[in-house]
Amino acid sequence: MDKEQCCVSLSVHPSRGLMDEKFIILVQKALPGFQLTIHASYHCEDGNSWEAFAHYTADAGGTVNVSQDTSLGGTYSGVEAMGLLWSLRPVPGSKPGLRLRKKNVQTPMEVTISVYQGHQTEGFVDQVPLASVLVERWYMAPGVHRIPITEEGLTATLFLPAGPGPFPGLLDLWGGAGQLVEYRAALLASHGIASLALDYLTSKVTVETGKNVDNQYFETAYRVLQKHPQVCGSRIAMLGLSFGASFTLKMAVYSQVMKLRCAVCIGGSHVQPVDGSVEQVLGYMHKNTEKTRFSEQNETIFRDLLLPIPTDPSLKVDVGQLQCALLLVVGEDDQNWPAAESAKDMKEMMERAGNSHLLTILSYPKTGHQIEPPYTPHVRAGIFRTVDTRQKVMALWGGQTVEHSHAQEDAWKKILVFLRENLYDGTDTGATTSN
Amino acid sequence: MSQTPPIVSVLPTRGLVDEKFKVLVENLPPGRPVTVRSLHHSDNDHYWEAFGFYTSDHRGTVNVSKDQSVGGTYTGKEPMGLLWSMCPVPGSHKGLRLRKLNMCSPMLVNISVHSGHEGFRDGAPLASVLVERWYMAPGVKRIDVQEKGLLGTLFLPPGPGPFPGILDLWGGGGGLVEYRSALLASHGFATMSLDYLSCGQPVFTYVETAFNFIKDHPQVIADRVGVVGLCLGSLPALYLAADSTVVKPRCTVCISCFAIYPSDRVLSGSFEEITSLSGNIPVDENNLERWKDVGLGLLSGSLRKVNMEKVTSPLLLVSGCDDQNWPSFETAEDITQTMRAAGNDHLLSRLDYPDSGHLIEPPFSPHFRASTFVTTNKRKAMILWGGQTKPHSDAQEDSWRKILSFLQQHLCCSLNAKL
């Protein structure tokens with residue numbers, strides 16, 4: 001090993017962080033003007049490997065600070081403190097359409113950050129880096145409890161923050177692929193909100209009987225959360241992404257049981273048979289399948305299934321009746337759901353009804369459908385299997401990586417502030433609580 | 001249940017033991033007196049706590065990094081007071097010492113907020129959060145070493161290496177004390193802690209073997225190996241730096257230095273001689289053994305000292321001026337005079353800390369003025385270490401930073417023109 005090369009030191013702070021925390025990557029003791037590549041490597045639970053890399057030049061002090069310096073190229077460019085995470089992509093030779101999702105939230109995502117000599121773009125696995133460190137990224141803060149919930153026919157997981165409580169609560173819903181997706185609920189619990197991740201499409205009951213759940217299923221989940229001794233029963237929110245947003249809106253407006261403090265809808269729409277259950281809402285979408293389009297790469301574009309926004313009031317949730325605060329998060333390049341058009345229509349409905357003061361819309365240009373917690377790698381398209389048809393397609397989600405990643409970071413911050421403001425007693429003086 | 005409780009948050013929730021954290025309490029009513037408390041359940045089943053008394057500001061916030069504690073186990077603006085001022089909870093045994101035995105798991109500290117000041121224990125906590133404090137960074141490997149007759153633990157940093165190396169020699173308490181080695185590995189040094197007291201071999205050749213083991217390791221840079229010694233461990237450390245003809249450390253750090261050979265037999269020598277001094281150890285008014293006076297007697301006595309004029313590499317001596325266990329400051333002065341006379345004192349750096357005691361540990365470790373101690377001939381004693389908590393804790397934080405800097409300067413190659 002060349003004596004010069006062994007000098008370079010690499011550090012990442014913090015070495016153990018939550019998924020939404022920033023880190024600082026520092027390379028030191030390189031020669032001034034030294035060209036180097038910083039590389040991130042992650043081996044997914046499903047066996048696939050992801051990588052990101054960026055080209056830097058050490059300054060006069062022999063240092064590279066990723067938070068301050070400019071990447072000259074790689075999987076991202078410019079000044080991007082967290083680029084090595086959000087620009088992760090499957091290594092060459094991987095299957096197409098992969099998505100990076102952690103199933104087991106009780107262990108951290110382990111990312112290897114390395115420094116290589118020169119500006120390299122491939123063959124990292126065949127070389128010995130100058131230095132490398134391991135970084136842990138956690139969805140669960142220490143002391144957060146993970147509690148599987150199977151009572152009353154539910155398929156759910158409750159994440160309780162550390163401490164005696166009581167805590168505000170939240171129902172967390174994902175989209176049309178189903179499964180019990182836990183990571184966002186785990187992260188929300190790490191921020192002090194007792195969060196229940198709910199599987200409403202592939203629950204045990206559905207899998208065993210072939211029948212979809214009825215709307216009481218959501219109300220049951222709410223009641224289970226509400227009566228938990230460590231949850232503030234009068235401070236419960238609901239958060240839904242994609243198909244989950246449909247039911248968030250339906251419950252927020254029409255449920256007699258659920259008295260939500262606030263609701264967050266990401267990449268969703270209010271368009272659905274208003275009286276319909278899961279079965280009927282799925283059926284409504286299925287009826288419009290001839291509206292499916294395809295991109296040049298033969299990716300499936302589903303957004304037109306709900307367009308044009310109907311005028312028939314039985315086909316869209318009457319948000320004019322909403323009595324709690326609503327945050328809509330919209331990707332303007334969402335190719336999967338007509339989130340932008342729906343948000344526009346919802347705004348008009350609420351303006352007409354006089355409750356638009358409850359509405360906040362976050363709209364992000366060049367941002368796609370899967371607006372995930374910060375630094376989750378963006379993919380423009382991915383394998384998607386709808387629960388009802390069981391058909392596997394390559395769905396186009398949309399979005400450009402840089403803008404989409406910035407949107408994820410911004411939206412998450414604002415979602416947390418929105419939840420904090422609506423779930424806790426507000427500060428009377430209106431002073432800001434940012435620190 | 002319509003009122004939401006306060007929110008306590010700590011950043012980072014998972015940190016290395018030498019990293020600072022920020023503790024914030026929010027959503028309190030304004031102007032409310034509260035106690036912020038830390039609680040730790042140790043590996044050996046004792047409870048340790050620290051607490052500070054605060055009052056929330058007009059926004060209902062307490063920021064431990066910025067606000068003043070007006071009472072408790074620490075006062076003033078002390079971001080890390082909840083760790084370094086920890087002491088055994090009321091009702092504990094006397095003379096406890098906090099040490100982590102298992103390096104692969106974190107120290108778990110519960111940080112909670114309670115209503116009121118005095119009598120805060122009467123009520124349940126309003127909120128709490130769990131914090132992990134790690135000696136091992138992710139990717140650090142812990143390897144048992146049991147070859148060449150050695151009994152030690154090697155900690156390797158993550159990455160391909162090769163790394164600078166360190167031989168870590170703990171003090172007279174015996175056993176294999178790993179935590180400083182684990183922490184040094186988390187800072188990029190391949191570090192081995194060595195049990196040199198129960199090896200049953202002549203100790204000076206034993207440590208030479210250990211040094212060479214590190215030097216010859218495929219992931220260690222052979223000419224960049226240093227030695228760190230604490231208390232009794234500084235004797236073999238200084239032997240390697242001065243009298244050894246077999247090895248030459250690149251640099252040496254001695255904390256609470258000990259530089260007297262136990263007998264005329266330089267090369268062999270177990271420590272029974274020095275530790276089996278019986279009978280006449282003075283005790284103070286609390287019946288705590290004050291070994292310092294024994295040490296002062298030895299310093300001026302006829303036992304042979306390490307030949308410090310033979311040191312040819314940088315040496316850092318760290319001393320607590322209120323060390324009641326050993327005359328560290330006097331030893332350091334003695335060494336300074338010897339080296340000055342020999343003309344090699346340009347190699348010597350000193351850190352002397354007023355009101356600090358003997359056990360200068362990694363930062364934020366709790367200070368205790370005395371604790372129980374089992375000597376090598378199995379005698380249980382209550383030993384006075386010395387030091388006042390606040391200056392001693394400041395000394396731990398300051399010395400660690402400077403020790404790391406010293407080790408990086410001499411063990412990590414750097415091509416910058418500054419050297």
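FYI, side chains are in, hydrogens and waters are out, and symmetry mates aren't considered; it's all heavy atoms of this structure. In what follows, chains carry the letters A, B, and so on, assigned in the order in which the sequence lines appear, proteins first and then strands, with residues in each chain numbered from 1.
Between A:E21 and B:R14 there is no salt bridge, since none of the side-chain N atoms of the basic residue sits less than 4.0 Å from a carboxylate O of the acidic one.
Heavy atoms of A:H13 lying under 4.5 Å from chain B belong exclusively to its side chain. Within the 4.5 angstrom heavy-atom criterion, only backbone atoms of B:L126 (N, CA, C, O) approach chain A. Heavy atoms closer than 4.5 Å to chain B are found in the side chain of A:L18, but not in its backbone.
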- Task: Tell me, with the steps shown, if B:E26 and A:R420 meet salt bridge (Lys or Arg N to Asp or Glu O under 4.0 Å).
- Result: CA-CA 11 Å; B:E26 297 169 285; A:R420 174 74 75 95; 3.5 Å; yes
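Within 6.0 Å of NZ on B:K22 lie no more than 12 heavy atoms contributed by other residues, nucleotides or ligands. Within a 6.0 Å sphere centred on CZ of A:F124, heavy atoms belonging to other residues, nucleotides or ligands number more than 12. By the 6.0 Å contact criterion, NZ on A:K259 is enclosed, its count of non-hydrogen atoms from other residues, nucleotides or ligands being greater than 12. Within a 6.0 Å sphere centred on NZ of B:K77, heavy atoms belonging to other residues, nucleotides or ligands number 12 at most.
Among B:G159, B:S128, B:G188, the residue making the largest number of heavy-atom pairs under 4.5 Å with chain A is B:S128. Ranked by heavy-atom pairs shorter than 4.5 Å toward chain A, the options B:P164, B:G139, B:P138 are led by B:P138.
Identified by a heavy-atom distance below 4.5 Å to chain B, the contributing residues of residues 135-144 of chain A are A:E136, A:W138, A:M140, A:A141, A:P142, A:G143, in residue-number order.
Of all heavy-atom pairs spanning B:P125 and A:P164, the tightest one is O-CG, 3.4 Å.
You'll find the side chain of B:Q408 stays beyond 4.5 Å of the side chain of A:Q28, heavy atoms only.
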